[in-house]
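Down below is the structure, laid out as structure tokens.
Heavy-atom basis, side chains included; hydrogens, waters and symmetry copies ignored.
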Amino acid sequence: MNTLIMDISNFSVEDFVLDARFRSWVLKPTSSLNEQWDSRIAKHPAKVKDIVVARELVLKLAQKNTSITKSEIQEMWEGIDGKIDEEDQDSTHEPKVIYLNSASVISQYNELYRPNFKSQWKRVAAILAICFGLSVMANLLFSQNEEAIAPVISFTEFSTPPGVKSSLRLSDGSVIKLNSGSRVRYMKDFTAETREVFLEGEAYFEVAKDAARPFIVHTGNTSTTALGTSFNIRSYEGEEREVALLTGKVAVMDNVLNKKVYLKKGDGVKLNPEKDKMELFRYNKEITTAWLNKKIIFDKTPINEMVRTLENWYGVKISLSQINKTDLWVSGTYTNETLSNILEGLSYTARFDYEINDSDVKIKFKQ
């Protein structure tokens, strides 16, 4: 069968494990194989669960550690740099993401990426028995005493309430600085192949370099993949999602838009699935990282985004009345200012009156 038109629609876990092409992709990934399997999974996303289970089995059954080497991954990243340079010379060239291994490909289709092996232990045991007697598994060695049940994956969740910002260090040495009203969820101990984090809100990441394990941040349907890198992600409900790269390299993909792009230093990307929009831009570092420096910068900022920012920053609830413009925006820069001072400054240009009662703030626009 031609590998490019391989039909996996009726494949079971057993079929994937016994298929030499699947094992080759898991154990010896290449850019070409990653692209082929990305295409197959995109056509049959319902097979992700079986693919995840089969992949773990193949890795457990391998006699040797045949995962991609650090030098091979480094070569891939150097290839990305080369493609970025090519794209600079040809603006019409469609940007591509180079996946590092099978986990990077699968993760974009399976956000939780947590197969329940305990509920499938009988099936797994049967697969092991079948595989043991087949010559097609000559490159794999089974251990009779090894159990096929994967260890339970433990997730840790960390959140910052409105009015509070925080910083945490992960087990790999990476640092996450979390903005107010934000939350991250991550594996207590990262796997041997990937480091995955799930974000709601805004955070700045300083990723510890580890060529063998890409660092993946999931925000809804978007995932950002990096190695040793620093970048800022903003992903609040009801607003455009934004990724800004400060150092290193990242690949950004969105499953809803079905678009992928990689960023170089100084690049940012805005994603709006509702408007089917993915827009590259050169971001303003002062504005993007203002919250890290205790600054609030409004730069033609929509009113709803201003409200969310002030609510998270000061831990208040803001209600609006008599607003008759849907495209109203505000501008202004504030450093370590009180809420009343900020509202006082904005009230002149946006033409509103305000009232602060403890954590309750009312804004009434003038007619």
Side-chain angles (χ1 to χ4, degrees), residues 68 70-89 95-101 103-104 107-108 158 165-179 182 184 186 190 193-199 201-219 222-235 240-254 259-271 278-295 297 299:
I68 190 168
K70 292 185 178 181
S71 60
E72 289 171 329
I73 292 177
Q74 187 60 41
E75 289 177 5
M76 283 187 179
W77 279 117
E78 291 173 357
I80 292 175
D81 286 337
K83 288 182 178 294
I84 291 175
D85 293 337
E86 291 174 10
E87 186 173 295
D88 287 340
Q89 298 173 8
K96 294 183 179 180
V97 166
I98 297 178
Y99 297 106
L100 300 181
N101 52 31
S104 299
S107 64
Q108 64 172 317
F158 187 88
K165 298 175 180 61
S166 189
S167 177
L168 64 152
R169 184 177 294 273
L170 305 182
S171 59
D172 68 327
S174 296
V175 174
I176 301 178
K177 295 181 181 180
L178 209 58
N179 204 347
S182 303
V184 290
Y186 53 93
F190 290 125
E193 295 185 334
T194 61
R195 300 169 288 171
E196 298 188 69
V197 176
F198 299 84
L199 168 68
E202 183 171 18
Y204 171 79
F205 296 84
E206 293 179 356
V207 178
K209 191 172 181 63
D210 186 343
R213 296 190 299 171
F215 191 99
I216 304 172
V217 181
H218 299 276
T219 47
T222 303
S223 60
T224 301
T225 304
L227 287 177
T229 304
S230 62
F231 53 94
N232 193 84
I233 297 180
R234 188 176 67 204
S235 180
E240 279 190 329
R241 193 169 296 139
E242 183 178 303
V243 181
L245 179 64
L246 279 76
T247 64
K249 318 171 186 73
V250 298
V252 181
M253 66 190 90
D254 190 277
K259 294 181 180 179
K260 310 169 187 177
V261 68
Y262 44 81
L263 306 181
K264 60 183 179 181
K265 182 179 178 181
D267 278 346
V269 59
K270 294 181 180 179
L271 303 105
M278 188 177 192
E279 179 185 4
L280 281 170
F281 69 104
R282 296 293 286 179
Y283 67 87
N284 184 314
K285 184 177 180 180
E286 183 183 12
I287 295 175
T288 298
T289 61
W291 68 274
L292 294 168
N293 300 311
K294 300 181 179 180
K295 285 184 180 181
I297 298 180
D299 181 28

For this session: Assess whether side-chain contact (heavy atoms from CB on, under 4.5 Å) is satisfied between Arg213 and Asp172, documenting all intermediate values.
Result: CA-CA 10 Å; Arg213 296 190 299 171; Asp172 68 327; 3.9 Å; yes
For this session: Going by the salt bridge (Lys or Arg N to Asp or Glu O under 4.0 Å) test, name the single residue among Lys259, Arg241, Lys260 that passes it with Asp254.
Result: Arg241
For this session: Report yes if some heavy atom in the side chain of Asp210 is under 4.5 Å from a heavy atom in the side chain of Phe190; otherwise report no.
Result: no
For this session: Please test Thr219 against Leu271 for side-chain contact (heavy atoms from CB on, under 4.5 Å), starting from the C-alpha separation and ending with a verdict.
Result: CA-CA 11 Å; Thr219 47; Leu271 303 105; over 6 Å; no
For this session: Output the distance between atom CD1 (Ile176) and atom CG (Leu168), rounded to the nearest 0.5 Å.
Result: 5.0 Å
For this session: Give, for atom CG of Leu245 and atom OG1 of Thr288, the distance between the pair rounded to the nearest 0.5 Å.
Result: 11.0 Å
Problem set entry | Test: Glu279 and Lys270 ion pair at under 4.0 Å | no
Problem set entry | Residue pair Phe205, Leu199: steps toward the side-chain contact (heavy atoms from CB on, under 4.5 Å) verdict | CA-CA 11 Å; Phe205 296 84; Leu199 168 68; 4.2 Å; yes
For this session: Please tell me if the side chains of Asn284 and Ile297 come closer than 4.5 Å, counting only heavy atoms from C-beta onward.
Result: no
Problem set entry | 4.5 Å side-chain heavy-atom contact, Asp267 and Phe231 | no
Seminar exercise, completed: Which of Val217, Val207, Thr229, Ile233 passes side-chain contact (heavy atoms from CB on, under 4.5 Å) with Val250? Answer is Thr229
Problem set entry | Distance in Å, Lys165 NZ paired with Leu178 CG, rounded so as to fall on 0.5 Å steps | 10.5 Å
For this session: Working to the nearest 0.5 Å, report the span between CZ of Phe215 and OG1 of Thr224.
Result: 10.5 Å
For this session: Taking all non-hydrogen atoms of both residues into account, name the closest pair between Trp291 and Ala203 and its distance.
Result: CZ2-C, 4.0 Å
Exercise. Counting N and O atoms only, with roles assigned by atom type, does the side chain of Arg195 sit under 3.5 Å from a partner on the main chain of Ala208, one being a donor and the other an acceptor?
Worked result: yes
Exercise. Taking all atoms of both residues into account, what is the closest heavy-atom pair of Ser166 and Phe158, and its distance?
Worked result: OG-CZ, 3.4 Å
Exercise. Which atom names give the shortest non-hydrogen contact between Ala212 and Pro214, and what distance separates them?
Worked result: O-CD, 3.9 Å
For this session: Report the C-alpha distance between Met253 and Thr225 in whole Å, list the side-chain angles of each, state the deciding distance to 0.1 Å, and finish with yes or no for side-chain contact (heavy atoms from CB on, under 4.5 Å).
Result: CA-CA 9 Å; Met253 66 190 90; Thr225 304; 4.0 Å; yes
Problem set entry | More than 12 heavy atoms from other groups under 6.0 Å of NZ on Lys295 | no
Exercise. Which heavy-atom pair separates Ser230 from Tyr204 by the least distance, and what is that distance?
Worked result: CB-OH, 3.4 Å
Problem set entry | Criterion side chain to side chain donor-acceptor pair (under 3.5 Å) against Asn232, the qualifying member of Lys177, Glu202, Glu242 | Glu202
For this session: Kindly give the heavy-atom pair with the smallest separation between Ser167 and Val175, and that separation in Å.
Result: OG-CG1, 3.6 Å
Seminar exercise, completed: What one should report as the nearest heavy-atom pair of Val269 and Phe281 is N-CE2, 3.5 Å
